[in-house]
Amino acid sequence: MNSMLQHWGRDARRLVAMVRRTRGRFAAIVGPTYRGVQYLWHLLVWSRISAGRAGLLPIELPAEMLARKGLHRAPPRLTVQGTVEASVFSRGFAEVYALLFANLQRADLLSSYRHAIPGPAFRGVYLWDSAFIAQVWRWWDRRVAQEVLLAVLELRDGDRLQHVVTEFTRSIYTQPPLVAWSAMEIARCLPRDAAVAFIQDVYPVLKDFQSWLETHRRLDNGLYAWAHPYESGVENAPRFSNRDESVMRNVETMAAPDFSSYVVLQLDALSEMAGRLGLDAEEGAFAAKAERVRGQMNALLWDERDGLYYDLDAAGIHVRVSTVASLLPLWAGVPGPERARRLVARILAPRHYGSLIPLPSVDRAERCFEKDMWRGPVWVNTAFGVIQGLLRYGYEREAGELAFRLCRGVYGVFAEERQIYEFYDPDALHTKDLRRKQGNWWKALTLGRGPQRDFVGWSGLVNTLLIEVLLGLRVEQGRVTLRPRLPAEAQGMTWVLSLADGGRLSLRSISPDRFEGSWTVDGQEFSFVTALAETVDLGDGWC
């Protein structure tokens with residue numbers, strides 16, 4: 001019986017995939033009708049209903065509810081005590097996982113894997129959203145994290161990973177190539193054999209995707225250009241368009257610092273994967289390609305006067321607008337130490353990127369800064385990338401301070417408005433001043449005038465930042481280490497994190513740079529005292 005159902009499921013998915021590809025009468029009539037009804041229902045009705053639930057989804061997820069989606073462990077649980085705002089962290093942390101669960105889709109006609117939607121209004125599998133969502137799942141259920149990525153690969157169009165796929169539609173574009181980076185982050189957490197098995201599943205597809213990018217998105221100078229602003233995920237950024245997208249720049253010949261940085265991350269991940277599989281020649285080839293892209297970015301995209309990386313147009317002229325894309329080369333390890341220092345100085349400066357909720361999408365000193373989508377608000381995914389860059393260059397104290405303010409901002413807005421949002425105001429713990437492509441009537445009709453709610457497409461990364469950057473937990477092949485980076489603002493706070501796999505961490509700031517705590521697993525407790533960004537080996541056998 002089970003084999004018959006599996007066979008039927010495969011046939012049904014093939015039919016749906018065929019319909020997506022068909023250009024005949026059925027696709028011309030039934031497809032748009034279905035899409036139109038579904039689109040209007042989710043955007044105009046269900047997303048409003050969901051957004052208005054004001055936190056009614058139970059944060060305590062019962063075992064029977066989890067089992068419906070194949071989950072057998074409760075999510076990580078955080079308790080914070082010691083200050084007036086401590087409970088803000090606990091409540092926001094729990095809400096992220098409740099929404100993460102709500103947005104997880106069971107295997108269906110779209111995909112044979114469990115897959116993730118970013119929020120109620122976005123009913124599809126999105127490429128870079130899935131890469132980030134998998135990083136939130138990684139601390140709850142690593143199998144779900146894998147499936148979220150495998151769904152993206154399953155829905156590829158030839159060798160191209162698609163921007164978005166729904167039951168009856170597909171995109172002609174791609175999106176930031178971050179699945180390889182995300183997959184490697186997951187693989188490091190797995191036992192050795194399980195990691196190799198996962199890499200064997202994803203490596204050939206991701207290798208072919210890299211070849212596709214080299215053929216279709218690489219410029220003659222060796223750098224990468226978006227085919228359309230929508231591919232970048234930051235579509236109404238001032239480097240690409242005006243606020244309502246009524247005017248868009250032709251970006252097909254414009255070398256992009258964000259795209260090129262993402263490609264470097266992909267090449268680094270592919271090199272590491274090849275090494276894990278014993279493919280020494282391919283490991284070296286991908287590493288060499290990554291270095292060539294880094295070299296070209298430094299040669300062509302760096303502006304010495306401004307100390308930033310800019311887009312380069314076909315005439316060889318920099319597009320001089322300071323956005324978060326100018327900072328993302330840090331994540332990919334592109335700049336040398338002095339250039340990195342200049343980028344970090346701008347990141348920390350309050351008049352540029354060091355706002356109340358840090359790392360706005362556009363430099364606050366730019367004339368084009370405004371609180372409209374990618375023209376100024378904070379997006380957690382790109383902020384996450386910049387913080388990863390700070391860690392890469394050893395700015396651990398600074399990474400902790402920014403991560404703390406980012407988490408406090410997202411959780412603080414939840415405390416005020418009972419929602420997790422798509423993007424945030426860099427200057428306030430509310431969203432009343434935020435806009436969505438103001439002047440674009442279609443976006444206002446379909447997605448509303450402000451940020452989407454119940455959105456964990458990447459906003460859920462605050463939980464990952466809290467676990468990995470602030471508390472400093474890391475797992476590699478079952479071995480756990482701790483490297484706390486809680487800032488001085490957290491002094492007096494006690495953090496207790498209970499992980500899905502059974503480990504329990506207790507950590508307390510006893511001075512601005514000193515911590516004491518304990519790690520408990522399998523009934524064994526280990527106590528420690530440590531310093532800021534000092535590594536503590538908590539042992540193995542936990543995975």
### Task
Evaluate the criterion side chain to side chain contact (heavy atoms under 4.5 Å, CB included) for residue pair I357 and L406; output intermediate values, then yes/no.
CA-CA 5 Å; I357 303 180; L406 185 62; 3.8 Å; yes

Original post:
After noting the C-alpha distance and the side-chain angles of R341 and Y395, does the key distance pass the side chain to side chain contact (heavy atoms under 4.5 Å, CB included) rule?
Top reply: CA-CA 9 Å; R341 185 196 63 76; Y395 291 93; 3.8 Å; yes

Residues passing the salt bridge (Lys or Arg N to Asp or Glu O under 4.0 Å) test with D425, sequence neighbours excluded, are K371

Go through the side-chain N and O atoms of T481 and R474 and say whether any donor and acceptor fall under 3.5 Å apart.
-> no

**Prompt:** Would the number of heavy atoms belonging to other residues, nucleotides or ligands and lying under 6.0 Å from CD of E338 be above 12?
**Reply:** yes

**Asked** Just wondering, are more than 12 heavy atoms of other shown residues or ligands nearer than 6.0 Å to CZ in R192?
**Response** no

Sorted by chain and residue number, the ring pair (Phe, Tyr, Trp, His ring centres under 6.0 Å) partners of F455 (sequence neighbours excluded) come out as F122, W458

Residues passing the ring pair (Phe, Tyr, Trp, His ring centres under 6.0 Å) test with Y309, sequence neighbours excluded, are W302

Hits for side chain to side chain contact (heavy atoms under 4.5 Å, CB included) against Q388, two or more places apart or cross-chain, chain-then-number order -> W331, F384, L391, L465, V469

With sequence neighbours left out, the residues meeting ring pair (Phe, Tyr, Trp, His ring centres under 6.0 Å) with Y113 are none

* So, T530 versus E534: side-chain donor-acceptor pair below 3.5 Å or not? -> yes

Separation between CG (L499) and CH2 (W519), nearest 0.5 Å, reads 5.0 Å

- Query: Between E85 and R408, is any pair of side-chain heavy atoms under 4.5 Å apart?
  - Reply: yes

Taken in chain and number order and not counting sequence neighbours, the residues that satisfy side chain to side chain contact (heavy atoms under 4.5 Å, CB included) with R514 are I510, S511, V529, A531

Item to complete: Say whether Y424 and S459, considering side chains only, have a donor N or O and an acceptor N or O under 3.5 Å apart.
Response: no

Report task. Identify whether the distance between the nearest side-chain nitrogen and carboxylate oxygen of R436 and E422 falls below 4.0 Å. Result -> yes

